[in-house]
Amino acid sequence: TMAHGEITHVEFPADDPQRAMRFYSAVAGWEFGEMPEMPGYHLFRSGEGYGGAIGQRGVTIGPSLRLYIEVNSIEDALAASDRNGGTTREPKTDIPGWGWFAVVTDPEGTDIGLFQSLPRG
């Protein structure tokens with residue numbers, strides 16, 4: 001299980017996802033796969049519980065690199081963001097079978113993803 005505050009996922013936007021996957025396969029040894037419910041979103045794992053995806057810039061992934069941080073509660077994290085100068089860009093959204101995500105912009109203008117895992121066990 002990921003702990004509150006851990007960076008768990010990173011999205012790499014690509015103009016040419018196939019070219020980007022070749023690059024990261026060669027440089028980092030990452031292997032990519034797709035989930036049928038998320039076409040064009042090429043997942044990889046870089047370590048235990050940690051990974052990310054490559055996707056088409058502005059289509060299946062946003063325009064810039066985005067990190068996701070594990071939080072105990074999306075609601076609490078969004079409230080903390082609001083109180084501390086952040087802006088909610090994407091509200092809490094269900095990822096069936098996995099949990100929930102939201103996206104905030106920090107006070108410096110950087111988009112950060114928040115992720116709350118479904119309880120496992």
Which donor-acceptor pairs under 3.5 Å do the side chains of residues 28-46 make with protein atoms, sequence neighbours left out?
{"residue": "E34", "atom": "OE2", "partner": "G40", "partner atom": "N", "Å": "2.5"}
{"residue": "Y41", "atom": "OH", "partner": "H9", "partner atom": "NE2", "Å": "2.8"}
{"residue": "Y41", "atom": "OH", "partner": "E11", "partner atom": "OE2", "Å": "2.5"}

Between side-chain atoms of residues 77-87 and protein atoms elsewhere (two or more places apart, or another chain), which donor-acceptor pairs fall under 3.5 Å?
{"residue": "N84", "atom": "ND2", "partner": "A80", "partner atom": "O", "Å": "2.7"}

Check residues 50-59 and write down every donor-acceptor pair under 3.5 Å in which the side-chain atom is one partner and the other belongs to a residue at least two apart or another chain.
{"residue": "Q56", "atom": "NE2", "partner": "D15", "partner atom": "O", "Å": "3.1"}
{"residue": "R57", "atom": "NE", "partner": "D15", "partner atom": "OD1", "Å": "2.9"}
{"residue": "R57", "atom": "NH1", "partner": "P63", "partner atom": "O", "Å": "3.1"}

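Rounding to the nearest 0.5 Å places CZ of R22 at 8.0 Å from CZ of R19. In this structure, the separation between CD1 on I74 and OG1 on T93 is 8.5 Å, given to the nearest 0.5 Å.
Connection of I61 to F115 is established within a shared hydrophobic cluster, with ILVMFWY side chains joined at heavy-atom distances below 4.5 Å, either directly or through further cluster members. A continuous path of hydrophobic side-chain contacts links L67 to V71 [ILVMFWY only; heavy atoms under 4.5 Å]. Under the 4.5 Å side-chain contact rule for hydrophobic residues, I112 and F12 share a cluster.
In terms of the side-chain hydrogen bond (donor to acceptor under 3.5 Å, both in side chains) criterion, residue partners of T105 (sequence neighbours excluded) are, by chain and number, R89, D111. Not counting sequence neighbours, the partners of D106 by the side-chain contact (heavy atoms from CB on, under 4.5 Å) test are E108, T110. E70 is linked by a side-chain hydrogen bond (donor to acceptor under 3.5 Å, both in side chains) to S117, counting only residues two or more places apart in sequence or in another chain. Qualifying side-chain contact (heavy atoms from CB on, under 4.5 Å) partners for D76, counting only residues two or more places apart in sequence or in other chains: S73.
For residues 73-103, the set of pairs meeting the ring pair (Phe, Tyr, Trp, His ring centres under 6.0 Å) definition, not counting sequence neighbours, is empty.
Smallest separation of non-hydrogen atoms from Y68 and L114: CD2-N, 3.9 Å.
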